[in-house]
Amino acid sequence: MKTKMGPMAKKEELYFYLCISPWIIGFLIFIAGPIFASLFFSFCNYDVVTSPDWVGIQNYKRLFSDPLFWQSLKVTSYYSLVSVPLGIALSLIIAILLNQNIRGLAWFRTIYYMPSVISGVAVSLLWMWIFNPEFGILNFLLWKLFHIQGPAWLMSEEWVIPALIIMSLWGIGGDIVIYLAGLQGIPTELYEAAEIDGANSFNKFLNITIPMMSPVLLFTLIMGILNSFQVFTQAYVMTGGGPHYASLFYVLYIYQNAFQFFSMGYASALSWILFLIMLALTALIFKSSPLWVYYESTRER
Amino acid sequence: MARRFQGRYILVVLVIGSVILSSPVAFASPSSAQKAKVTVLWRDDPQEVPVLDEFIKDFNSTHPNITVEAIVVPYDEYDPKLFSMWAAGTPPDIFWCAAESGYVDHAIRDMNLTVDPLVNKDKDVVNIEDFYPAAIEGATFRGELKGLPFAQAYTALFYNATLFDDAGIEYPTTDWEDESWTWDKLVEIAKKLTKDIDGDGKIDQYGFLDDRDLFEIAWAWGGDMFDPNVYEGYPPEKLALDELENYNALLTALQERADLVHKHKVSPTPATQQVIEQMGPPLKTGKVGMVIGGDWAIWGAMPKNYKWGIGAVPYSVPGVKRVCLYTDPLEIARTSKYPDEAWEFVKYLVSPPVQKTFIEETGRVSSRPSLREEYIEEISSFIVNTEQELDQVLSGAFKYCQEDAEHTVFGFYKLQFVWTSETDPLWLGKKGAKEVLDAMIVKVNQAIEENLRSIGK
């Protein structure tokens with residue numbers, strides 16, 4: 001039951017809304033407005049310049065017969081399916097290694113985190129050189145160390161996505177920092193108790209670290225999937241979607257339709273489908289989370 | 001309590017105050033209302049922008065009632081900016097096909113003003129006769145002039161003369177009518193220019209790079225991807241490749257292009273080409289002997305350790321010569337509040353003195369034949385050809401040309417994306433020319449249909 005507010009409290013509430021109003025107004029105009037506008041546009045034929053024409057569900061019907069829609073979905077899922085688990089595993093391993101009471105932890109943390117603060121375009125340009133089939137350091141090392149003639153990477157239909165997945169590992173520093181914080185929050189007595197019971201390090205990892213870290217893993221899994229479905233810069237800067245549509249990521253395809261082909265209506269429909277896909281995926285993960293995510297507080301009740 | 005509230009008042013005042021102060025209304029000066037403000041949307045070309053700034057300064061000082069202001073955006077953002085400014089109801093008064101969309105795309109969406117009446121009004125100043133006819137065609141939409149040519153580029157053969165000297169080969173001819181200058185001969189020369197300098201089994205220097213788009217090589221081999229009326233501004237309904245002559249021409253052209261890479265090995269593979277392009281414009285890197293393409297191959301400072309030359313594009317098939325001309329007309333927004341003032345500035349930019357400065361500062365050619373000598377003088381300082389030879393090259397380049405399909409074919413950018421993607425497997429050596437071409441036709445025709453649907457057809 002709501003208690004009646006005194007005049008002072010009312011006034012205070014007013015000030016509260018007044019103070020956050022710039023943000024609320026900004027949200028309504030610049031975020032909520034466009035979101036609903038795009039829903040409207042997705043039912044229109046709209047080229048940005050001339051006024052939108054209502055065409056019903058035509059744009060959505062077109063989606064299903066558009067091979068590039070399916071291609072972009074395939075490319076993005078492939079990337080997401082490999083890069084997200086790989087990124088999580090690798091950053092967790094590095095975080096655990098960094099958590100071993102080593103000297104200069106702050107240094108390592110900074111070094112691993114550093115790539116995450118560099119702009120995506122700069123990183124893309126850098127990696128274009130790394131993947132350069134002739135002068136790139138990657139193929140150079142492959143040849144020098146293993147005598148393997150490296151692939152053409154970004155210029156190869158088969159290797160362009162693996163290349164971009166390798167590149168995505170560059171940004172795991174953000175996750176490492178989160179995991180490190182999580183690891184440091186695990187009470188040491190749990191490990192000590194396990195040791196007394198004779199658990200080896202693998203058992204400790206499996207039965208203490210993983211369950212204790214599961215809320216953090218849930219968070220990074222969701223963020224990782226959401227981010228991987230929104231890959232744009234790399235593809236836009238490095239490959240333009242090629243060769244032969246092999247790196248035509250979903251958001252790149254939206255961008256092309258919206259700002260290069262000026263099919264804003266179709267691009268809006270694509271965006272809403274992406275939104276629904278991400279919503280479904282997130283819901284699925286949340287639904288499944290009670291099976292594998294362990295919250296300390298729920299147990300204590 | 002009272003002190004706490006005082007603090008809140010100050011906070012609220014600050015918030016509201018900052019909102020008001022940050023709005024442009026607060027500082028709008030009353031005098032600016034009488035001046036016509038003309039905005040020009042420009043791309044952030046490092047060569048163009050400083051010159052444009054000078055022009056604007058000069059124009060503003062001599063036209064007290066007009067203030068021209070440039071909005072400069074990166075090349076990739078030009079079209080999105082143009083279209084979104086339009087959607088916001090504040091289009092730039094002057095724009096051009098500086099990025100992917102052409103003046104025909106703009107005309108079909110009724111964005112640009114027809115300038116014929118303005119040209120007629122200022123006949124003596126504009127002097128429309130002093131434009132190459134092809135450049136005027138490159139600004140004409142269904143018989144109406146949609147702008148005046150400001151920037152111009154042409155197609156020719158550009159080469160690294162030092163590499164020719166080293167190999168002891170004669171420079172290519174500058175005579176476009178020379179029937180002995182054929183594609184086969186070009187390939188022969190390219191073979192001699194292709195070298196593995198350090199002997200590691202990898203080619204370090206390629207003889208030739210064809211920078212032309214698909215529709216251009218179709219032209220060169222005597223075919224056409226589009227019906228003639230498409231170039232006048234009528235949206236294509238399908239590719240013209242169901243006509244056998246056109247189909248065969250493009251098929252041969254594709255095969256010849258692929259042969260350059262895989263059979264003759266005189267052109268870089270896509271991967272190597274990317275490597276070269278990462279180092280700079282291919283010709284300037286010294287890794288490529290000859291390039292057929294736009295004259296941007298020699299824009300800007302040329303590396304001094306090489307000598308450079310220009311020649312005629314060879315005959316790919318006897319009797320056929322058709323290359324691309326790149327005209328960038330300045331357009332005036334149909335909904336401009338100040339069309340007359342905008343026209344003043346357009347007139348100024350295309351006027352011979354301004355064009356002359358533009359040549360001197362950027363080394364670009366002008367759409368005005370009267371300024372050809374200035375251009376020749378400008379580039380002859382680093383080109384091995386004589387002035388007569390350069391004149392000959394330009395005569396051919398402006399005679400055997402047609403405006404870039406990117407500007408004249410509706411929805412070109414999407415079609416280009418599709419055919420570029422579809423032909424990737426051919427350049428990568430994974431599929432044959434016929435297989436690629438047949439698949440490409442189906443996909444491009446689908447894209448054409450989507451384009452038509454987007455304008456309600």
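Numbers restart at 1 for each chain; the letters A, B, ... are given by sequence-line order, proteins then strands.
- Listed for the B/His262 side chain is no donor-acceptor partner under 3.5 Å among the backbone atoms of B/Thr269.
- There is a side-chain donor-acceptor pair under 3.5 Å between A/Tyr253 and A/Asp66.
- Counting only residues at least two apart or in different chains, ring-ring contact (aromatic ring centres under 6.0 Å, His included) contacts with residues 436-456 of chain B are absent.
- Using a 4.5 Å cut-off between heavy atoms, B/Asp76 touches chain A through backbone and side chain atoms alike.
- For residues 123-130 of chain A, heavy-atom neighbours of chain B at less than 4.5 Å comprise A/Met128, A/Trp129, sorted by residue number.
- With 3.5 Å as the limit, one finds a donor-acceptor pair spanning the side chains of B/Thr114 and B/Lys146.
- Of the candidates B/Tyr103, B/Tyr78, B/Trp86, B/Phe95 forms a ring pair (Phe, Tyr, Trp, His ring centres under 6.0 Å) with just one, namely B/Trp86.
- Residues of residues 24-41 of chain A lying under 4.5 angstrom from chain B, judged on non-hydrogen atoms, do not exist here.
- Formation of a donor-acceptor pair under 3.5 Å by the A/Ser271 side chain with backbone atoms of A/Ala267 is found in this model.
- Remark: side-chain polar atoms of B/Asp93 are not paired, donor with acceptor, to backbone N or O of B/Ile332 under 3.5 angstrom.
- In this structure, no portion of A/Tyr266 lies under 4.5 Å from any heavy atom of chain B.
- Counting all heavy atoms, side chain and backbone alike, A/Ala163 lies closest to A/Phe131 at O-CZ, 3.0 Å.
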Fill in: Worked check of side chain to side chain contact (heavy atoms under 4.5 Å, CB included) between A/Leu68 and A/Gln256
CA-CA 11 Å; A/Leu68 290 187; A/Gln256 284 183 333; over 6 Å; no
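- When all heavy atoms of B/Ala447 and B/Leu415 are compared, the closest pair comes out as CB-CD2, 3.7 Å.
- Looking at A/Asn45, its side chain never comes within 3.5 Å of a backbone N or O of A/Gly265 through a donor-acceptor pair.
- Other residues, nucleotides and ligands place no more than 12 heavy atoms under 6.0 Å from the CZ atom of A/Phe140.
- Under a cut-off of 6.0 angstrom, the local environment of CD in A/Gln71 is crowded, with over 12 non-hydrogen atoms contributed by other residues, nucleotides or ligands.
- For the pair A/Ser168 (side chain) and A/Ser83 (backbone), a donor-acceptor distance under 3.5 Å is absent.
- Among the residues in residues 416-425 of chain B, those with a non-hydrogen atom closer than 4.5 angstrom to a non-hydrogen atom of chain A are B/Phe417, B/Val418, B/Ser421, B/Glu422, B/Asp424, B/Pro425.
- Looking at B/Lys431, the atoms closer than 4.5 Å to chain A (heavy atoms on both sides) all sit in the side chain, from C-beta outward.
- Contacts with chain B were tallied for A/Glu157, A/Glu134, A/Met264; A/Glu134 has the most, counting heavy-atom pairs under 4.5 Å.
- Only the side chain of B/Glu450 comes within contact range of chain A, judged by heavy atoms closer than 4.5 Å.
- We find that B/Asp196 and B/Lys202 are not joined by a salt bridge, their nearest charged nitrogen and carboxylate oxygen being 4.0 Å or further apart.
- The backbone N or O of B/Ile197 sits less than 3.5 Å from a side-chain atom of B/Asp204, completing a donor-acceptor pair.
- Ranked by non-hydrogen atom pairs under 4.5 Å with chain A, the options B/Lys414, B/Lys430, B/Arg453 are led by B/Lys414.
- Using a 4.5 Å cut-off between heavy atoms, A/Phe16 does not touch chain B at all.
- For A/Asp47, the parts lying under 4.5 angstrom from a heavy atom of chain B are both the backbone and the side chain.
- Side chain of B/Asp79 to main chain of B/Glu100: a donor-acceptor pair is present (N/O by atom type, distance under 3.5 Å, no hydrogens or angles).
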